[in-house]
Colleague: 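Have a look at this one.
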Amino acid sequence: MLDIRFVREHTDKVIEALGKRNESTAILDKFLEIENRRRDVLKEVEDQRQTRNRVTKEIGTLKKEGKDAASLLSRAKEISDRITEKESSLRALEENALQELLLIPNVPDESVPVGKDENENVEIRTWGARPEFSFEPLNHWDIGEELDILDFERAGKIAGARFVINKGAGAKLERALMNFMLNLHTKEHGYTEIFPPVLVNKEAMTGTGQLPKFEEDLFKENSKGFYLIPTAEVPVTNIHRQEILNEDDLPIYYTAHTPCFRREAGSHGKDTRGLIRQHQFNKVELVKFVKPEESCNELEALTRNAEEVLMRLGLHYRVVSLCTGDIGFSAAKTYDLEVWFPAQQKFREISSCSNFTDFQARRAGIRFKSPGKKGTRFVHTLNGSGLAVGRTFAAILENYQQEDGSVIIPEALQHFMGTEKISKS
RNA sequence: GGAGAGGUGGCCGAGUGGUUGAAGGCAGCCGCCUGCUAAGCGGUUGUGGGGGUCACACCUCACCCAGGGUUCGAAUCCCUGCCUCUCCGCCA
């Protein structure tokens, strides 16, 4: 969420940001109206509390001296009643103001290209080259089923659409990818491995910005009100919720491998086949907590860390800077990594790396303190996929498929797979 | 699931319902002192909001797990929730 004072004092900037995002300023107007009333009532409440504190103290003194305080008592009672009344309307205003504020998106960074939708995203760089095939390359789901390493049909039987069973070498490849990615990030990129809960509470979901706006994207557990995480960003960022970190502890780098769960409501008919859009998928996530002045550079570094995975797997990809109309609600800036899918003849998102500036930190109350200095500041949080395992799996099948139906295992993975190739058994 | 105990500042730890934002200790910071170090002496140190200032100063409100309640007044009393710990049972 944005700083209340910033919204109040730089309303023009917020209006501009909403405009760039193609969003109406209606929420802002509503927020400001409530906020102004809140401040008026707050002033009244505080003035009256001050009076009450004075009278109350006097009563205490009189009682101690054994004097009569009856007249003051009735006056104090009167004031208190009035305060109680005002307080309840103040509480309502505070709650309403917060609810509106939670719906206002982050302000895009200056460097983010202005654009309406994904068509105006800007390609930053590409790596590698499209693989050449002497035959018509197959879709990964056909390859996977043919090799008997992916089973969508039976997954449908036990769970439903948008689920998959990995089998044999398919299960092993999934595991190899997770190990490869985690090893790279922990051993070479300096991230600390985390294995967090995948069921989280409402506060955690609000902290990273999934709630209240995107409830329909989430699976909710009914008996205790847990939510299944749509990304490890949620539990891992919330590790430090409501904490004041020491400046010396920053930056903090975490990586986590978790299953992710998404309702995919509103994407009926999109990517109905294959691994691209599943209700459950594995992902290795990168999360950073950094000082504000460093978050821009940290985003570049984080993105490079994710790219390294693709480079080592020898997968052709490009980096795209999302335009203002396409960046996520909580993000100030986002780079998407898109990997080449030969069968579809297009680049598909495989990682999304974002700088959330202080937007999540303010929601989640993650601050830091400099030793010897007064006050605290909000950290900046960043995260990115490093990478989505299912989509990486799919990309490997498609890019490394052979004419005989087998799939070559990229060298970086061979050690984890114990084999150079997956063939039909 | 059953039975208990407990949640106070960066940490430890006090706290008869009325100058307690909170004793004391530790740690930190600033001085002083002592060949150096250690010790010693004095002072100082929470967070958030509102007002105020060029900026300080300063004024004020709130905060002793969270949310309600009792009261003129709550860290202190009552209720609910959350979390932690111990014992029993169950369990991967």
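Just so you know, these numbers come straight off a predicted model, no measurement behind them.
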Colleague: With respect to the side chain of A/K369, which nucleotide from B/U47, B/C72, B/G50 is positioned closest?
Modeller: B/U47

Colleague: In whole Å, I'd like the distance from the CG atom of A/L93 to the P atom of B/G49.
Modeller: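 So the CG-P distance, A/L93 to B/G49, works out to 19 Å.
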
Colleague: Would you measure the distance from the C1' atom in B/C33 across to the matching atom in B/A39 and give it in whole Å?
Modeller: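 My reading of the C1' atoms in B/C33 and B/A39 gives 11 Å.
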
Colleague: In a table with atom names and distances, give each donor-acceptor pair under 3.5 Å that connects a side chain of residues 70-80 of chain A to protein atoms at least two apart or in another chain.
Modeller:
from  : atom 1 : to    : atom 2 : distance (Å)
A/S74 : OG     : A/S71 : O      : 3.0

Colleague: Hey, is CD on A/E85 packed in by over 12 heavy atoms from elsewhere, all under 6.0 Å?
Modeller: no

Colleague: At under 4.0 Å between heavy atoms, what does A/R5 touch on the DNA or RNA strands: base, sugar-phosphate, or nothing?
Modeller: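 Answer is sugar-phosphate: A/R5 comes under 4.0 Å of backbone atoms only.
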
Colleague: With respect to A/I149, which candidate in A/N166, A/L397, A/V407 satisfies the side-chain contact (heavy atoms from CB on, under 4.5 Å) definition?
Modeller: A/L397

Colleague: Please state how far atom CG in A/D40 lies from atom P in B/G49, giving the value in whole angstrom units.
Modeller: 19 Å

Colleague: Take atom CD in A/E153; do more than 12 heavy atoms of anything else shown fall under 6.0 Å from it?
Modeller: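 It does not: A/E153 CD has 12 such atoms or fewer within range.
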
Colleague: Please say which of A/K202, A/M205, A/Q99 ends up in a side-chain contact (heavy atoms from CB on, under 4.5 Å) with A/P212.
Modeller: A/Q99

Colleague: Given that A/R39 and A/R377 both sit by RNA chain B, which one's nearest nucleotide is further toward the 5' end?
Modeller: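 So the residue in question is A/R377.
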
Colleague: Once you round it to whole Å, what is the distance between P of B/A27 and CG of A/N246?
Modeller: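 The distance from CG of A/N246 to P of B/A27 comes to 18 Å, rounded to the nearest Å.
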
Colleague: Considering only the C1' atoms, how many Å lie between B/C63 and B/G9, rounded to the nearest integer?
Modeller: 11 Å

Colleague: Taking only the P atom of each, what is the distance from B/U44 to B/G49 in whole angstrom?
Modeller: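 Nearest-Å result for B/U44 against B/G49 at atom P: 26 Å.
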
Colleague: Can you tell me if A/R8 touches the phosphate of B/G50, counting only side-chain N or O atoms and a distance under 4.0 Å to OP1 or OP2?
Modeller: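 Yes.
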
Colleague: For residues 251-260 of chain A, tabulate all N or O donor-acceptor pairs below 3.5 Å that involve a side-chain atom, not counting sequence neighbours.
Modeller:
from   : atom 1 : to     : atom 2 : distance (Å)
A/Y253 : OH     : A/E298 : OE1    : 2.8
A/Y253 : OH     : A/E298 : OE2    : 3.1
A/Y254 : OH     : A/H240 : NE2    : 2.9
A/T255 : OG1    : A/E285 : O      : 3.0

Colleague: Going by the angle between their ring planes, with limits at 30° and 60°, are A/Y191 and A/H189 parallel, tilted or perpendicular?
Modeller: perpendicular

Colleague: What's the CZ-C1' distance between A/R75 and B/G73, to the nearest Å?
Modeller: 15 Å

Colleague: Let's see if you get this right: which residues in residues 83-92 of chain A place a heavy atom under 4.0 Å from RNA chain B?
Modeller: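 Output list: A/R91.
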
Colleague: If the cut-off is 4.0 Å, is A/R367 near the phosphate of B/G48, judged by side-chain N/O to OP1 or OP2?
Modeller: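 True: A/R367 side-chain N/O within range (under 4.0 Å) of B/G48 OP1/OP2.
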
Colleague: Closer than 4.0 angstrom, basic N to acidic O: yes or no for A/R377 and A/E293?
Modeller: yes

Colleague: Both A/R38 and A/S80 contact RNA chain B. Taking the nearest nucleotide for each, which residue is further toward the 5' end?
Modeller: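 It is A/R38 whose nearest nucleotide is closer to the 5' end.
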
Colleague: What's the CD-P distance between A/E203 and B/C83, to the nearest Å?
Modeller: 11 Å

Colleague: Could you run through nucleotides 59-65 of chain B and give me one letter per nucleotide, 5' to 3': B if any protein heavy atom sits under 4.0 Å from the base, S if only the sugar-phosphate is that close, - if neither?
Modeller: -SBS---

Colleague: Any N/O pairs under 3.5 Å between the protein and nucleotides 15-20 of chain B? List them or say none.
Modeller:
from  : atom 1 : to    : atom 2 : distance (Å)
B/G18 : N2     : A/T56 : O      : 3.3

Colleague: If the C1' atom of B/G7 is compared with that of B/C65, how far apart are they to the nearest Å?
Modeller: 6 Å

Colleague: What is the distance from CD of A/Q48 to C1' of B/G73, rounded to the nearest Å?
Modeller: 16 Å

Colleague: Using atom NZ of A/K224 as one end and atom C1' of B/G81 as the other, report the distance to the nearest whole Å.
Modeller: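 To the nearest whole Å, that distance equals 12 Å.
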
Colleague: Going by atom types alone, do A/T381 and A/Q360 pair a side-chain donor with an acceptor below 3.5 Å?
Modeller: yes

Colleague: According to ring pair (Phe, Tyr, Trp, His ring centres under 6.0 Å), does anything in residues 9-43 of chain A pair up with another residue at least two apart or in another chain? List the pairs.
Modeller: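 Sorted result for residues 9-43 of chain A: A/F6-A/H10.
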
Colleague: Should A/S74 be listed as having a side-chain N or O under 4.0 Å from OP1 or OP2 of B/C72?
Modeller: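 For B/C72, OP1/OP2 do not have a side-chain N/O of A/S74 under 4.0 Å.
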
Colleague: Would you say the side chains of A/N106 and A/S330 form a donor-acceptor pair under 3.5 Å?
Modeller: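 Short answer, no.
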
Colleague: To the nearest Å, how far apart are A/E94 CD and B/G49 C1'?
Modeller: 10 Å

Colleague: So if I apply the salt bridge (Lys or Arg N to Asp or Glu O under 4.0 Å) rule between A/D271 and each of A/R162, A/R391, A/R277, which one comes out positive?
Modeller: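 Result: among A/R162, A/R391, A/R277, A/R277 is the only option passing the salt bridge (Lys or Arg N to Asp or Glu O under 4.0 Å) with A/D271.
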
